[in-house]
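Here the structure is a predicted model, which is why all the values come from computation and not from measurement.
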Amino acid sequence: MKKIAWSCLFPLAAVASPVMAQSSVTLYGILDESLRYLTNAGVDGKDQTQLGIGTQIPSRFGLKGNEDLGGGWSAVFRLESVFNLNNGSLSAANTLFSPQAYVGIANSKYGTLTFGRHYTPFFNAMSGTFDPMTLGDYWQDSWIYNGAGPFLTVANTVKYTQDIGGLHFDGMYGLGNQAGAPGLGSMYGVEVSYSAGPAKIGAGFQQNDVASTSINGQPASARNGAKFNIFHVSGNLKFGSAWTLMAGWLRAQDQTGLLDRNMQQANAPTLPGTSPNRIDNYGYLGAVWQVQPDVRLTAVGYVGRTQNAQKLDGSLGAGMNYSGTIFAEYLLSKRTEVYATADFAKGNGAFAADYPGSTVAGSSALTIGRTNNVGAALGFRHFF
C-alpha cells in the first residue's frame with residue numbers, strides 16, 4: 001500500500017511543479033510603537049505617560065499569496081495577526097490570526113470571493129479611503145468608531161468584492177453557526193463607492209445580530225438577539241498631488257447595550273446600566289497635505305451627538321463630544337518613518353461618562369470633574 005501511495009504522488013508532483021512556479025507568497029508587516037502623554041487618563045483625572053500602540057496602524061505581520069489558475073482566475077489567501085509590540089502579546093487573546101484569515105478565488109472580470117475571517121466592508125472603506133486617520137488607534141481620534149469596534153473583524157464570513165470602471169462593491173455575510181438559530185450571531189455589510197476623476201463618494205451599511213453569550217468571539221449583548229447597525233455617507237476630493245479633503249457622516253443604532261460601554265475610555269467610571277436603544281450621529285472633516293515627498297501632515301476634527309444614552313446617574317439622555325487631531329509624518333525611507341501627533345477631546349452630557357476624570361473619588365457619581373483629554377505622542381514606524 002505504501003508503494004502505491006508514493007507512486008501516485010509522483011505524477012501529482014510533476015503536474016504541481018509548473019503551477020507552483022506561477023504562485024507567489026509575500027510576508028509583510030508593520031512595526032509601530034509610540035511614546036504618549038495624555039491628560040486625564042486615570043482615576044481623578046491623573047495624567048499618564050505610556051509606551052504602546054501607534055497612532056494609526058497597529059503592529060502586525062501577515063502572509064498573502066495567489067496562484068495563477070489560468071483564464072484570468074487565481075486562488076488567493078491571507079493570514080494576518082495583530083500584536084502589541086511593547087510586550088509581544090496578541091491584540092486578540094487566544095486568536096493567532098486576527099483580524100484576517102481567509103482563502104478564496106479571484107477573477108479579473110468577475111471579482112473576488114473569499115471565505116474565513118475578514119475585515120468588514122465598513123472598516124475597509126473608512127480605513128482605506130475616507131477617514132484621514134484611518135480609524136486611528138487612540139481613543140481621541142477613533143471614538144466615533146467605538147460602537148462598531150468589536151464588529152470590525154468578523155469570523156465565519158463570506159465576502160465578495162468587485163470593481164467595474166469607477167464603481168466598487170464590497171459585500172459580506174457572517175454566519176452565526178448556531179443550530180436552530182441561524183440568524184443569531186450573524187452579520188451583513190455592504191459598501192458601494194464611485195470614483196470620478198479626483199473625487200470619490202461612498203456609502204455603506206452594516207448590521208450585527210448579537211447574542212447574550214459570546215459567539216464567534218463577539219462580545220455578549222445585554223439582550224439576546226439585539227441588533228447593532230451603522231450607516232455612513234463619505235467622500236474625498238483630491239486637489240492635485242498634494243491635497244486630499246475628506247468628510248463624512250455616520251449614524252449608529254445600538255440595542256445591545258455594548259455601545260455605552262465600548263465608548264468609555266480605560267479607567268472611566270462604571271456605568272450603572274446600558275441603554276436599550278442608543279442613537280448616535282457623527283460628522284468629521286479633515287485633510288491630508290503631502291508637503292514634500294518625505295513630509296505629510298494630517299488634520300481632522302470629529303463631532304458627535306448621542307441620544308438615549310446611559311448616564312452616570314442611571315438615567316438616559318443626550319450628550320455631545322468633540323475631538324481634533326494633528327498628525328505629522330517624516331519618511332526616513334520608503335519603509336521607515338518617524339511621526340508626532342497632538343490631539344484634544346471634550347465631552348458633555350452622556351459623554352461625560354466616557355472620561356476617567358468625570359467623577360471624583362469619595363463623591364457621588366453625579367459629581368462631574370474633568371471631561372476632556374489633551375494628548376501628544378512621538379512614534380516610529382517600519383513597514384516590511
- prompt: Relative to each other, are the rings of H232 and F130 parallel, tilted or perpendicular (30° and 60° limits)?
  reply: tilted
Main-chain N/O of A353 paired with Q264 side-chain donor or acceptor, under 3.5 Å
yes
Side chains of Q48 and K46: closer than 4.5 Å at any heavy-atom pair? no
(message) Are D32 and L85 packed together at the side-chain level, in the sense that at least one heavy-atom pair is separated by less than 4.5 angstrom?
(response) no
Quiz item: Within a reach of under 6.0 Å around CG of N87, are more than 12 heavy atoms found that belong to other residues, nucleotides or ligands?
Solution: yes
From the list N277, N208, D209, side chain to side chain donor-acceptor pair (under 3.5 Å) with K227 holds only for D209
Note to self: Let me check something: do M133 and M126 share a hydrophobic cluster, defined by ILVMFWY side-chain heavy atoms less than 4.5 Å apart, either directly or through other members?
What the structure shows: yes
- Item | Donor-acceptor side-chain pairing of T306 and R278 below 3.5 angstrom | yes
When every non-hydrogen atom of T274 is compared with those of A222, the smallest separation belongs to OG1-CB, 4.0 Å
Subject >> N373 side chain to D343 backbone, donor-acceptor under 3.5 Å >> reply: no
For G257 and R223 the tightest heavy-atom approach is N-NH1, 3.6 Å
(message) Measuring only between side-chain heavy atoms, which start at C-beta, is D170 closer than 4.5 Å to Y119?
(response) no
Q.
When you measure from the side chain of N66 to the backbone of S74, do you find a donor-acceptor pair of N or O atoms at a distance under 3.5 Å?
A. no
Is there a path of hydrophobic side-chain contacts, each under 4.5 Å between heavy atoms, that joins F205 and V158?
yes
Exercise. Does the pair T153 and Q100 meet the rule for a side chain to side chain contact (heavy atoms under 4.5 Å, CB included), with working shown?
Worked result: CA-CA 7 Å; T153 173; Q100 300 186 89; 5.8 Å; no
Does the pair T244 and M246 meet the rule for a side chain to side chain contact (heavy atoms under 4.5 Å, CB included), with working shown?
-> CA-CA 7 Å; T244 302; M246 302 178 184; 3.8 Å; yes
- Query: Do R36's NZ or CZ and the ring of Y339 fall within the cation-pi criteria of under 6.0 Å and 45°?
  - Reply: no
task = For atom CZ of R251, decide whether the heavy atoms of other residues, nucleotides or ligands shown that lie under 6.0 angstrom number more than 12.
result = yes
Exercise. Between N84 and G52, is there a donor-acceptor pair closer than 3.5 Å when you use the side chain of the first and the backbone of the second?
Worked result: no
Q.
side chain to side chain contact (heavy atoms under 4.5 Å, CB included) for Y355 and W139? Distances and angles first, verdict last.
A. CA-CA 10 Å; Y355 290 83; W139 188 94; 3.7 Å; yes
For residues 158-183, the ring-ring contact (aromatic ring centres under 6.0 Å, His included) pairs (sequence neighbours left out) are none
Here the gap from Q50 atom CD to N86 atom CG, rounded to the nearest 0.5 Å, amounts to 7.5 Å
Could you check if a side-chain atom of D141 sits within less than 4.5 angstrom of a side-chain atom of T55, using non-hydrogen atoms only?
yes
Nearest heavy-atom approach of S323 to A345 is CB-CB, 3.9 Å
For T39 and D47 the tightest heavy-atom approach is CA-OD1, 3.1 Å
With N124 as partner, the option from H118, K159, E191, M172 fulfilling side chain to side chain contact (heavy atoms under 4.5 Å, CB included) is K159
Between the main-chain N or O of T161 and the side-chain N or O of T112, is there a donor-acceptor pair closer than 3.5 Å?
no
Hey, is CD1 on I326 packed in by over 12 heavy atoms from elsewhere, all under 6.0 Å? no
In short, ring-ring contact (aromatic ring centres under 6.0 Å, His included) pairs touching residues 240-274 with sequence neighbours left out are F231-W249, W243-W289
Exercise for the section: Would you kindly say whether Y138 and S34 are connected by a side-chain donor-acceptor distance under 3.5 Å? Expected result: yes
| Do L312 and L271 have side-chain heavy atoms sitting under 4.5 Å apart? | yes
**Asked** Donor-acceptor pair, D280 side chain versus A252 backbone, under 3.5 Å?
**Response** no
Q.
Are V300 and L297 linked, directly or through intermediate hydrophobic residues, by side-chain heavy-atom contacts shorter than 4.5 Å (ILVMFWY only)?
A. no
Heavy atoms of V210 and A220 approach each other most closely as CG1-C, 4.4 Å
Requested in this report: Can you label the angle between the Y302 ring and the Y284 ring as parallel, tilted or perpendicular, going by 30° and 60°?
Outcome: tilted
Shortest non-hydrogen pair, T157 vs G174, comes out as CG2-CA, 3.5 Å
* Asked: Do I201 and Y282 belong to the same hydrophobic cluster, where Ile, Leu, Val, Met, Phe, Trp and Tyr are linked whenever their side-chain heavy atoms lie under 4.5 Å apart, directly or via other members?
  -> no
Measure from the side-chain N and O atoms of S275 to the backbone N and O of N308, and report whether any donor-acceptor pair falls under 3.5 Å.
yes
Sub-4.5 Å side-chain heavy-atom contact between P99 and V82: yes
Taken to the nearest 0.5 Å, the spacing of Q218 CD from M187 CE works out to 8.5 Å
| query | Are F83 and P58 close enough that some pair of their side-chain heavy atoms sits under 4.5 Å apart? | reply | no
>> A side-chain contact here means heavy atoms from C-beta on lying under 4.5 Å apart; do Q207 and Y188 qualify?
In response: yes
Counting N and O atoms only, with roles assigned by atom type, does the side chain of S59 sit under 3.5 Å from a partner on the main chain of L31, one being a donor and the other an acceptor? no
Using only atom types and a distance under 3.5 Å, with no angle test, would you say the side chain of T114 pairs donor to acceptor with the backbone of V103?
no
- [ ] Look only at the side chain of N40 and the backbone of R370, and say whether a donor-acceptor pair between them is shorter than 3.5 Å.
- [x] yes
* Asked: Would V25 end up clustered with L27 when hydrophobic side chains under 4.5 Å apart are linked, directly or stepwise?
  -> yes
- Message: Are there over 12 heavy-atom neighbours, none belonging to Y28, within less than 6.0 Å of that residue's OH?
- Response: yes
Only residue of F123, F228, F151 satisfying side chain to side chain contact (heavy atoms under 4.5 Å, CB included) with Q206 is F151
Practice task
Please step through side chain to side chain contact (heavy atoms under 4.5 Å, CB included) for the pair E67 and F77, ending with a clear verdict.
Solution key: CA-CA 9 Å; E67 179 187 12; F77 78 89; over 6 Å; no
